[in-house]
Amino acid sequence: VAHSLKSLGIEDLSFLANDAEVFQKMLMNMPDMVKTGLSRIYASQNPDGGWGWWSQDTSRPYLSAYVVYGLTSAQKAGYYIDEKRLERAKNFLKGILKEVSDPDERTYILFALTFAGTFQKNEVEELYKNTYGINSYSLSLLTLIYAGQNDKTKAGALLEKLYEQKSDIAGKMFFWTTEKPGWYRWTNSNIEATAWALRATIAVDPQRKEIPGIIRYLLWREKAGFWRSTKDTAVCVLAFTDFLKVIDELSPDYRVILEVNDRKVSEARITKETLKEFSVVTQTPVAFLIPGSENKVSLSKEGKGSAYYTHNLRYTTRDAFIEPKNEGFGVTREYFRVIKEQDKQGVSREKYEKLEENTVRVGDIIRVKITVSGREEYEYIMIEDMLPAGCEVVDESENYGWYIRREVRDEKVVFFNPIFGKALQETTYYMRAETPGRYHILPTKASMMYLPEICGQSSENFLTITEK
C-alpha cells in the first residue's frame, strides 16, 4: 500500500477510493501500522540475521529474502528502517547463498539482495548463463534484476525466453504456470508467477500486446477483492501499480452492456466520474431465464478504454449434508468423553470413551482428535477446527500435536506448522461442555496457507449437550 501511495500519488488513489473517509483514516493510521509491523519483524529476527516462519524458528533462506524485500520496499516508500538489522539480514543471505542449491530459491535471494542494493554480479551471471533449471517465476525475477541494472540487452533476451513459456486461454488470457502436482514451494503459484511476469514485462516492454490479456487473467483469478493469500495479493497490487504508472487507465469513456439470453438487462457508462463505482447491483427478471435449460450471460463494451471483469457463482442449499472432501488433505474429526479414574495406588488416569451419538452433559470434558493425511513435502499447513457454540476450550497438560503454534479463537481452534513431515498427522485438544442445546458443527479444514486450493475437510457434526 505504501509503495502504491508513493508511486501513484494520494490524489489518484483518493479519487479511486470507494469511501474517502475510510481512505483518509487509513492514511492517518498507516505510519502506526508500519511501525507496529516493523517492531514485530525486528522482534522475530534470529541472532544469525535471518527469519523463520515464527519466532525462534530456524532461519529459512527464502523467508529471510522475502523479509529483506519487504523492509527495502518500506524504506523506498519513505519509512525509516533499522539499517543495522537490514545489513545483518543481507549478510545472512550472502552467507547462506553458497549452501542453497535450489535454483529458484537462489534466484529469489539474489533478487532480494539486488533490490536492497547489494548486486551479486558473479552469482547473477551464473544464473544468466544457465536458466534451464529455473521456473518462469524466477525467470521474471532475473529479468527484473537486469532491468534494474539498466542492462536492456540481457533483460530483453530474458523477457523473450519468459514469453516462450507462457500459456493462454483461447488467445485472450495469458499466464505462467509454476504449480507442480506433488511439489509445493514458495514459487509454485501461477498467480504470483503471472504477476511477476507482468512486472517484468512492464519494466522491459510496457507496450507489449499481451499485457491486457495478463491483466485479464489476474482479474479472473481475483475473488471478492483479493486473491488466494496475502502474499499473492501483495504482488498483484504491486504489478497493477506498475501498470498504472505507465498506462493511462483513469480516463475511460465507454459503455458496458449486460445481456441474458440475448436480451439486454442493463447498461452502464464508465467515465472518470463513474470509474470508482466499483459495483452495481442488477436484478434480472425471472422471465429472462429459461428453467431447466442453459442460460447465456454476456457482457459487451462500446467506446474508449479497457474493461476488466470477473465472475463468481455462489449458491445455498438447505438439505445437503456436508461430506468430507479431499483435494490434497484427508481430514477426520472424532470426539471422546474424558473419564478420570484413580487406581488402587491413588494415581489419576484418563480413559477416552468415543461419543457414538455425540451426546454429553454440562461439565463433561471432551477430547477432540483431528487426523490429517497428506504428502510429506507439503509446507506451511493450517488446520482450522470449528468449535460447537456450547463449548469452551480448556487447557489440559496432555494436549499434543505436531503443530508449532496453536491459536484459540472465539469460533475455532487453529493449528500451524511449516512442514507436514509425514503421510499422517494427529492433533488433539480439550473442550468443556458449557451450555445445554443441540449444536451444528462445521467441518474441520486443512489447507496450505500459500496454496489454499490444496485442501481438505471433514464432514459436519452435531453435538447435543444435556443438563447434568
Side-chain angles (χ1 to χ4, degrees), residues 52-54 57 60 62-63 137 177-193 221 223-224 226-233 312 314 317 320-336 354-355 358 366-388 391 393 399-409 411-431 440-463:
W53 199 35
W54 298 107
D57 184 24
R60 301 176 186 275
Y62 182 94
L63 190 59
Y137 187 121
T177 59
T178 59
E179 296 170 14
K180 302 176 183 178
W183 185 252
Y184 306 100
R185 301 293 299 276
W186 282 95
T187 61
N188 296 138
S189 165
N190 294 350
I191 293 174
E192 287 186 54
R221 295 297 303 271
K223 305 294 181 185
F226 59 92
W227 283 261
R228 298 181 310 180
S229 69
T230 53
K231 185 168 176 281
D232 58 21
T233 297
N312 191 22
R314 294 185 180 183
T317 179
F321 182 81
I322 302 177
E323 300 286 350
K325 180 174 66 174
N326 186 332
E327 295 184 2
F329 288 104
V331 185
T332 60
R333 174 175 58 196
E334 299 172 281
Y335 293 126
F336 299 83
K354 188 170 182 180
L355 299 181
N358 281 6
I366 304 166
R367 186 174 187 256
V368 184
K369 178 182 176 183
I370 302 166
T371 304
V372 182
S373 62
R375 298 177 67 94
E376 294 180 10
E377 63 269 20
Y378 286 170
E379 295 183 324
Y380 302 101
I381 315 304
M382 177 172 64
I383 297 174
E384 302 171 275
D385 187 45
M386 308 307 292
L387 293 168
C391 295
V393 175
N399 286 8
Y400 79 93
W402 57 278
Y403 56 88
I404 66 167
R405 183 180 178 90
R406 185 187 81 165
E407 295 180 0
V408 179
R409 304 179 186 174
E411 79 286 4
K412 61 186 174 182
V413 183
V414 189
F415 305 91
F416 303 92
N417 206 61
I419 301 294
F420 195 65
K422 60 181 183 179
L424 196 69
Q425 298 283 8
E426 289 184 358
T427 297
T428 67
Y429 70 95
Y430 293 78
M431 60 185 181
H440 175 223
I441 313 169
L442 291 173
T444 304
K445 296 181 180 180
S447 63
M448 294 174 63
M449 289 185 67
Y450 301 106
L451 206 60
E453 60 263 39
I454 306 302
C455 61
Q457 68 180 34
S458 69
S459 62
E460 64 182 347
N461 289 96
F462 293 88
L463 180 69

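None of the values given here were measured: they were computed from a predicted structure.
Between I441 and E460 there is no side-chain heavy-atom pair separated by less than 4.5 Å. The closest side-chain heavy-atom distance from I322 to P443 is below 4.5 Å. Using a 4.5 Å cut-off on side-chain heavy atoms (C-beta onward), I381 and M448 make contact. Between M431 and P388, some side-chain heavy-atom pair lies under the 4.5 Å cut-off. Residues L387 and V413 form a side-chain contact, since some pair of their non-hydrogen atoms from C-beta on lies under 4.5 Å apart. Within the 4.5 Å cutoff, no side-chain heavy atoms of V368 are placed close to those of Y430.
Every residue meeting the ring pair (Phe, Tyr, Trp, His ring centres under 6.0 Å) condition with Y62, not counting sequence neighbours, appears here in chain and number order: Y108, W186. Contacts of R228 classified as salt bridge (charged side-chain N to carboxylate O under 4.0 Å, His left out), with partners at least two apart in sequence or in another chain: E179, D232, E453. In terms of the salt bridge (charged side-chain N to carboxylate O under 4.0 Å, His left out) criterion, residue partners of E407 (sequence neighbours excluded) are, by chain and number, R405, R409. Applying the salt bridge (charged side-chain N to carboxylate O under 4.0 Å, His left out) test to K231 and every residue at least two apart in sequence or in another chain returns E192. Residues forming a salt bridge (charged side-chain N to carboxylate O under 4.0 Å, His left out) with K354 (at least two apart in sequence, or on another chain): E334.
Atom CG of L442 and atom CG of N461 lie 10.0 Å apart (nearest 0.5 Å). Here the CD1 atom belonging to I370 is positioned 4.0 Å from the CG atom belonging to D385, to the nearest 0.5 angstrom. Here the CD atom belonging to E323 is positioned 9.5 Å from the CD atom belonging to Q457, to the nearest 0.5 angstrom. Rounded to the nearest 0.5 angstrom, L463 CG and N358 CG are separated by 6.0 Å. Atom OG1 of residue T187 and atom OH of residue Y137 lie 7.0 Å apart, to the nearest 0.5 angstrom. The CZ atom of F329 lies 7.0 Å from the OG atom of S447; values are rounded to the nearest 0.5 Å.
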Side-chain donor-acceptor pairs of residues 416-425 under 3.5 Å, sequence neighbours excluded:
residue : atom : partner : partner atom : Å
N417    : OD1  : I404    : N            : 3.2
N417    : ND2  : I419    : O            : 2.6
Q425    : NE2  : F420    : O            : 2.5

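Checking T178 against N188 by side-chain atom types alone, no donor-acceptor pair falls below 3.5 Å.
Closest non-hydrogen pair, S458 versus T332, comes out as CB-CA, 4.2 Å. Contact detail for F321 and S459: the closest heavy-atom pair is CE2-CB, 3.9 Å.
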Discussion item. Using side-chain contact (heavy atoms from CB on, under 4.5 Å), reason through K369 and E426 one step at a time and then give a plain yes or no.
Written reply: CA-CA 7 Å; K369 178 182 176 183; E426 289 184 358; 3.4 Å; yes

Worksheet item: Going through the distances and angles, do Y335 and R367 end up as a side-chain contact (heavy atoms from CB on, under 4.5 Å)?
Response: CA-CA 6 Å; Y335 293 126; R367 186 174 187 256; over 6 Å; no

Item to complete: Let me see the working for M449 and W53 under side-chain contact (heavy atoms from CB on, under 4.5 Å), right down to the final yes or no.
Response: CA-CA 12 Å; M449 289 185 67; W53 199 35; 3.3 Å; yes

Practice prompt. Determine, stepwise, if the pair F336 / I366 fulfils side-chain contact (heavy atoms from CB on, under 4.5 Å).
Written response: CA-CA 6 Å; F336 299 83; I366 304 166; over 6 Å; no

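The residues E384 and K445 are annotated as not salt-bridged, no charged nitrogen and carboxylate oxygen being separated by less than 4.0 angstrom.
Using a distance-only test at 3.5 Å, with no hydrogens or angles considered, a donor-acceptor pair links the side chain of T233 to the main chain of W227.
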